[in-house]
Number of protein chains: 2
Amino acid sequence: MIAPVRPAPPPDCPLERYLHIVSGAWVPRILWYLRFGPRRFGDLRRDLGSISTKILTAKLRTLEEERMVVRTELLVSERQRQVEYALTERGLAFEPVFEAMEQASRRLTELDLLEAREAGAES
Amino acid sequence: MIAPVRPAPPPDCPLERYLHIVSGAWVPRILWYLRFGPRRFGDLRRDLGSISTKILTAKLRTLEEERMVVRTELLVSERQRQVEYALTERGLAFEPVFEAMEQASRRLTELDLLEAREAGAES
DNA sequence: CTGTATCCTTTTAGATACTG
DNA sequence: CAGTATCTAAAAGGATACAG
């Protein structure tokens, strides 16, 4: 039997369950900032820098629906509100992904440096 | 000195180098399918199922610019063209991320099952 | 087979003002 | 403080036709 010219097609992409939730520019960042413990609405807003309240609310709502985060309303006083967002067990399931992303980011920066050095040496 | 009411803010999000490249619905999937070795344009199109040629081309171009993939034109005959896309060393840097995503996806499915079982048991 | 080109729709996000 | 409402802009994606 002769080896096939083309390799067998790869298995179906099993990333859907993840990508369905984490796609978009903001969600990964939101989840990343929640890794360090519960954070309030305003905290996240500051963490993320340039996000509009509309988007932040929307993303937090869908993350809630997916049960990746829980929203807890803390009643501090009659006139003041505090709302805290925290990762659920499901949210925690993505921890290793973010760790890997961080590592990959670092690796890329490393490759950038190596390359810059080579470019400098050859001139 | 009294302990601060609010914990210190988390460090700056170090995911940018990654997110800059991999955001969007298609890029993660493209990279995932390239993990198993070089693939041709048409292969990827079939792998991805519903992608339009326009988007596939566009994504492959930017991945090329970022040097995550290399494009190799194989001249088979005068009239036939074959183009192969493969991960570069940079592209390989994202492998652990995809592995973590797969694991996370599995974990989520597991949690779904556990929950469904509990819901069944309590009725 | 590997794309371009064009047009159109959907999604995502930003700005700003306003509420309890 | 934690949002909602509204309007607008930009980005991403899809459909289809066509070219080398």
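Reminder, nothing fancy here: chain letters follow the sequence lines and each chain counts from 1.
Protein atom CG of B:Leu74 is 12 Å distant from nucleotide atom C1' of C:dC1, rounded to whole Å. Distance A:Arg45 CZ to C:dT16 C1': 13 Å, rounded to the nearest Å. Across the protein-nucleic acid pair, A:Glu73 atom CD and D:dC1 atom C1' stand 11 Å apart, rounded to whole Å. Counting to the nearest Å, the C1' atom of C:dC1 and the CG atom of B:Leu44 are 13 Å from each other. The separation between B:Leu56 atom CG and C:dG3 atom C1' is 10 Å, rounded to whole Å. The distance between atom CG of B:Leu63 and atom P of D:dA12, rounded to the nearest whole Å, is 13 Å. Note: CZ (A:Arg39) to C1' (D:dG3) measures 18 Å, nearest angstrom. Here the P atom of nucleotide C:dT11 and the CG atom of A:Leu19 are 17 Å apart, to the nearest Å.
Put simply, B:Tyr85 has no side-chain N or O that comes within less than 4.0 Å of OP1 or OP2 on C:dC1.
For the atom pair A:Ile30 CD1 and A:Leu56 CG, the distance stands at 5.5 Å (nearest 0.5 Å).
Between the side chain of B:Thr88 and the backbone N or O of B:Met68 there is at least one donor-acceptor pair closer than 3.5 Å. Looking only at distances, a side-chain donor or acceptor of B:Ser105 sits under 3.5 Å from a matching main-chain atom of A:Tyr18. Side chain of A:Arg29 to main chain of A:Ala25: a donor-acceptor pair is present (N/O by atom type, distance under 3.5 Å, no hydrogens or angles).
By the side chain to side chain contact (heavy atoms under 4.5 Å, CB included) test, B:Glu102 pairs with A:Pro14, A:Leu15, B:Trp32, B:Arg35, B:Arg106, sequence neighbours left out.
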*Show your reasoning for whether salt bridge (charged side-chain N to carboxylate O under 4.0 Å, His left out) applies to A:Glu115 and B:Arg90.*
CA-CA 11 Å; A:Glu115 207 164 292; B:Arg90 277 164 199 275; 2.8 Å; yes

*asked:* Counting primed atoms plus P, OP1 and OP2 as sugar-phosphate and everything else as base, spell out the protein contacts along nucleotides 13-20 of chain D at 4.0 Å heavy-atom distance: B, S or - for each nucleotide, 5' to 3'.
replied: BBB----B

